[in-house]
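Notes to accompany the following structure.
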Number of protein chains: 2
Amino acid sequence: MGRKRTKSGKIRLAEVAELAGVSPITASRFFRNPEALSVAKRTRVESAARELGYVPNLAARALASQRTEVIGVLIPSLTNNVFSDVLRGIYDASEGSRYSIQLSNTRYSILQEEKLLRLFLAQKPAGLIVTGIDQTTESRAMLEAADCPIVQIMEIGPDPVDMMIGFSHYDAARAAVAHLFEQGRRRIGFVGARMDPRVQRRLDGYVSAMKDAGLFDQRLVVTTATPTSVTLGGALFTDLLAREPDLDAVFCANDDLALGVLFECRRREIAVPDQIAIVGFNDLEFMASAVPTLTSVRTNRYEMGRTAATMLIEAIDGRRPEQAVLDLGFKVIERQSSTSRHSDSRPAVSGAGAANKMVALPTGHD
Amino acid sequence: MGRKRTKSGKIRLAEVAELAGVSPITASRFFRNPEALSVAKRTRVESAARELGYVPNLAARALASQRTEVIGVLIPSLTNNVFSDVLRGIYDASEGSRYSIQLSNTRYSILQEEKLLRLFLAQKPAGLIVTGIDQTTESRAMLEAADCPIVQIMEIGPDPVDMMIGFSHYDAARAAVAHLFEQGRRRIGFVGARMDPRVQRRLDGYVSAMKDAGLFDQRLVVTTATPTSVTLGGALFTDLLAREPDLDAVFCANDDLALGVLFECRRREIAVPDQIAIVGFNDLEFMASAVPTLTSVRTNRYEMGRTAATMLIEAIDGRRPEQAVLDLGFKVIERQSSTSRHSDSRPAVSGAGAANKMVALPTGHD
DNA sequence: GTCGTTGCTGGTAGCGCTGTCAACGTTCCT
DNA sequence: AGGAACGTTGACAGCGCTACCAGCAACGAC
């Protein structure tokens, strides 16, 4: 009787089937599509499986069915807070589904991304989540040819491979600058680090808003390819001040930089917001409790991850979402650092997200 | 000729073997143990594989060989900065090896951990990384019975399942308090959130140090089960101040709380460090650029992750490390927030790590 | 010259599961 | 009543790879 045991001592489907008095294939169906069984057999297989403590062998399943239940996720950084929020959303959504997450880190390199994509695709993932819209031509071709659903996250653009969820970094930056204009600021600097495509588009938005107002000046822009940090924010701000002493505001490409600028202002005894206004990007948790509280552009990172994974899983299961491109929008959260003579947290300028409208191109916000 | 193609259009090992003019099994060996082949066949298989763009089918390999090349990682949180550093180390170390990482989030629940462990183990991982030493009895039994190497990370304790890498949170907390004593502080508060086992041990260390000095007072301790945040740091500090107005220092269980305390001090115009000294835990990047710069206990998170994965992979490949328990130590980085009348960044108090000595029990530091 | 020994190679037989298709019993329609 | 249609079940044949063991040549020791 023990002869049927697998070498590893594990219970196989065949044992479950035998105990339940059905054929192995019927037992197999129980796990994949229980509705297809009669109630009697269903309960028998169920109790047999429980009694034996059966756990399916995923490798065998993958081999036989020619597909895996793995969702591949490609993100550029594990360190960045932004991605940890997105990831949390993805993991939360995948939990309870039968799909597991396979994560890889492209380190902001599209070549690395291409390599990883090739690796992933070879294992026939059930679905794929990739960051951004700036893939190599080769990657793009592989994605188009892939026979699984794909979601691009973090931003939206004109030409989705399949599904897409994010927001317009360009519009968000324009909104941040517009807010500073409203507050009467004119000499608005830009501080950016890493300069990945999304930060670049924030810069583009900033530049266009400044040009529209006739206020653009190349000296107001300080960027570096160095990875971002709070300390770096202080350093870049120092550079900016040296170039442009009569600065009256800084728009930071992310909140870490903004915090660094705030500290540097305190160090130099520059009054915020009286002398210089500060606006960050992402609205990390600490922005609301800094002194003064820091204005930032809120982005829905957790929701982005969660929705991306949910959409993907639905699509894998054959229920494609009615809209393939989802704009989650953004919101300028106005706080003390940019609103002299105003109280904290006023009604905010928001992007497309509220209406979740479909967009193909960067749309002007209201 | 196309008849041998698999349905999925993929190249199989058999095709490679055919092109190379060897048997499939020889081709298989090429990928697992190239040294076993004669140089002639080796090069022939190699070029055939490259020419055909062969990618092995992992599911088939796993099924046939009865083992996977997956390293399971169980961590309690994806949000926490601390774990993102550890994870980065793990991913960095796994890159280039043939092992892939399967990550799961226990959300600080040992029951959830047990469930995930059962799931992982059923797939016969090549190795396992688990967080901490506080598993359920059932989990512990499963880990002991698992036939793969296991590394426990984040802390060290008396009774490793297999390998272990971390440091003593208890000693680190004692060192932080000792530093405050040296600075002449007496009424030292403790602020903690989440209160997971490691934070609890930091509290234990604090309590023991305070008791040793005859300074312990229950009113000095403010904790909550709520997840940590900067804002929460301010709130807990407010509570603490209400209970104990003549506080002269705060030891925070992590840096987010410390930053919140700093902001709250600024809001209340409490001078740091003149009225109140602040010490954090982990030494996140921003601590060095806050104003004043914030003292913290540096922990080697990235290195911990990297070393854990490296040790694990070595052990999987049959090269067990000479020491199974590795104490990475800690270091009190003294900065302005706790060192009145001193300049920044003096020589620091450090834990066991420098010597990487083996420890079985929390050892007193010097 | 015979017998081990070593180094390399190949054949056989699965690993545990699922896709496909045929077959069965039942119900419902005409 | 006959047959179509449906729902349910099972047999068969692999999925692509590797473990195991046998075979073979080349070589050296006696």
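A note on names: the letters A, B, ... follow the listed sequences, proteins ahead of strands, and every chain is numbered from 1.
The side chain of R67(A) contributes an N or O atom lying less than 4.0 Å from OP1 or OP2 of dG19(C). Regarding contacts with the backbone of dT8(D), every side-chain N or O of T26(A) stays at 4.0 angstrom or more from both OP1 and OP2. OP1 or OP2 of dT18(C) lies within a sub-4.0 Å distance of a side-chain N or O belonging to S28(A). Dashed line: the shortest gap from a side-chain N or O of K41(B) to OP1 or OP2 of dG10(C) is under 4.0 Å. S65(A) has no side-chain polar atom (N or O) that falls below the 4.0 Å cut-off from OP1 or OP2 of dT18(C).
A salt bridge between R306(B) and D85(B) is absent, with no side-chain N of the basic residue lying under 4.0 Å from a carboxylate O of the acidic one.
Checking dC17(C), dG10(D), dC15(C) against every side-chain atom of L63(B), the shortest atom distance belongs to dC15(C). Among the nucleotides dG10(D), dC17(C), dA19(D), the one closest to any side-chain atom of N57(A) is dC17(C). Closest to the A64(A) side chain, of the nucleotides dC15(C), dG14(D), dC20(D), is dG14(D). If you check dT9(C), dT18(C), dC17(D) against the side chain of S38(B), the one that comes closest is dT9(C).
In terms of polar N and O atoms assigned as donor or acceptor, the side chain of R29(A) never comes within less than 3.5 Å of the base of dG19(C) in a complementary pairing.
Looking at which nucleotide of DNA chain C each of A36(B) and A60(B) is closest to, the 5′-most match is held by A36(B).
The two atoms that bring I156(A) and G166(A) nearest to each other are CG2-N, 3.8 Å, heavy atoms only.
Atom CZ of R98(A) sits about 10.5 Å away from atom CZ of R32(A), to the nearest 0.5 Å.
Using a 4.0 Å heavy-atom criterion, one finds that R32(B) contacts the sugar-phosphate atoms exclusively.
Inter-residue side-chain proximity for K41(A) and E46(A) is flagged as unmet; no heavy-atom pair is nearer than 4.5 Å.
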